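Keep in mind it's a predicted model, so treat the numbers as computed, not measured. Note that the numbering runs from 1 along the sequence shown for the chain.
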Amino acid sequence: MQSWYDGLVKPKLTPPKGLFWPVWSILYLLIAIALIIYFRTPVKPFFSVALPLLAVHFAAGFSWTSIFFGKKKILAALIDLLFMDVTLVIIIGLFFLTSPLAAALLIPYCCWCLLATYLNWSIWRLNP
């Protein structure tokens, strides 16, 4: 798996490998705090939409690794990320209706997802 990825042509904006662990640690902390704030807020408009959307968003997120690294399906992984981007923007909007702070805490995660989408797209284009 690692040698396959190392052999791919990657865009210039690809972060160094050592950056992923610290960034994800911070993102998971911010996501957890956002979820706690959201779920502890008594009034949650559109909760019946937000809850399943969160579930499918995180399922798509966890499946990306196996699609990209395990199955080596770069285009399928890109489609997965695009789905994640769309659902995350909707989630941020729904969180904002409940707690602007919870929504704001998801912005760094959204930026990272958009970077991941750019990287995945670039890798797909650079490795026909």
Side-chain angles (χ1 to χ4, degrees):
M1 173 170 79
Q2 194 61 34
S3 63
W4 171 79
Y5 178 76
D6 290 340
L8 294 173
V9 179
K10 293 177 261 324
K12 294 182 191 289
L13 288 179
T14 301
K17 289 180 189 177
L19 190 63
F20 286 91
W21 183 86
V23 167
W24 273 110
S25 297
I26 293 166
L27 292 176
Y28 281 134
L29 178 63
L30 294 175
I31 293 165
I33 294 168
L35 289 170
I36 290 167
I37 291 170
Y38 177 76
F39 283 108
R40 292 190 71 185
T41 303
V43 177
K44 291 181 265 311
F46 305 106
F47 181 72
S48 62
V49 174
L51 194 58
L53 202 56
L54 281 165
V56 297
H57 172 81
F58 288 121
F62 291 123
S63 68
W64 180 87
T65 302
S66 67
I67 296 169
F68 187 87
F69 288 106
K71 296 178 181 172
K72 300 177 179 78
K73 302 287 186 186
I74 300 171
L75 180 58
L78 176 60
I79 293 166
D80 185 73
L81 278 171
L82 290 169
F83 175 79
M84 287 180 62
D85 295 339
V86 170
T87 56
L88 183 54
V89 168
I90 296 168
I91 289 166
I92 290 171
L94 293 172
F95 273 38
F96 185 81
L97 297 173
T98 297
S99 167
L101 176 58
L105 289 168
L106 293 177
I107 298 297
Y109 173 49
C110 186
C111 292
W112 189 256
C113 284
L114 292 172
L115 174 63
T117 303
Y118 162 76
L119 294 172
N120 195 145
W121 176 79
S122 297
I123 290 169
W124 176 65
R125 299 277 294 144
L126 293 169
N127 299 273

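Taking all atoms of both residues into account, the shortest heavy-atom contact from Ile123 to Asn127 is O-ND2, 2.8 Å. The minimum heavy-atom distance between Thr14 and Pro11, with the atom names listed, is OG1-O, 2.8 Å.
A heavy-atom distance below 4.5 Å is not found between the side chains of Ser122 and Leu13. Between Ser99 and Leu105, every side-chain heavy-atom pair lies at or beyond the 4.5 Å cut-off.
Classified by interplanar angle (parallel below 30°, tilted 30° to 60°, perpendicular above 60°), the ring pair Trp121/Tyr118 is tilted. Relative orientation of the Phe58 and Tyr109 rings is parallel, given thresholds of 30° and 60° on the angle between their planes.
Linking Ile, Leu, Val, Met, Phe, Trp and Tyr residues whenever their side-chain heavy atoms come within less than 4.5 Å places Trp112 and Phe62 in a single cluster. Put simply, Leu106 and Leu29 are part of two different groups of oily side chains (I, L, V, M, F, W, Y) that touch within less than 4.5 Å, one to the next. Cluster membership for Val49 and Leu51, using ILVMFWY side-chain heavy atoms within less than 4.5 angstrom, is shared. Criterion: ILVMFWY side-chain heavy atoms under 4.5 Å apart, direct or through other members. Under it, Val23 and Leu115 are part of a common hydrophobic cluster. By the rule that hydrophobic residues join a cluster once side-chain heavy atoms approach within less than 4.5 Å of another member, Leu8 and Phe20 end up as members of one cluster.
Rounding to the nearest 0.5 Å gives a distance of 7.5 Å between CG of Asn120 and CD1 of Ile74. Of the inter-residue distances, the one linking Ile26 atom CD1 with Trp21 atom CH2 reads 9.0 Å to the nearest 0.5 angstrom.
Between Trp124 and Phe68, the gap from one ring centroid to the other reaches at least 6.0 Å.
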Pairs of donor and acceptor atoms involving the side chains of residues 77-98, under 3.5 Å and at least two apart or interchain, shall be tabulated with distances.
| residue | atom | partner | partner atom | Å |
| --- | --- | --- | --- | --- |
| Asp80 | OD1 | Ser63 | OG | 3.4 |
| Asp85 | OD1 | Thr117 | OG1 | 3.3 |
| Asp85 | OD2 | Thr117 | OG1 | 2.6 |
| Thr87 | OG1 | His57 | ND1 | 2.8 |
| Thr87 | OG1 | Phe83 | O | 3.0 |
| Thr87 | OG1 | Met84 | O | 3.1 |

Distance-only donor-acceptor pairs under 3.5 Å for side chains of residues 36-46, two or more places apart:
| residue | atom | partner | partner atom | Å |
| --- | --- | --- | --- | --- |
| Thr41 | OG1 | Ile37 | O | 2.6 |
| Lys44 | NZ | Phe39 | O | 3.3 |
| Lys44 | NZ | Thr41 | O | 2.6 |

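Judged by distance alone, with hydrogens and angles left aside, the side-chain atoms of Lys10 form a donor-acceptor pair with the main-chain N or O of Tyr5 at under 3.5 Å.
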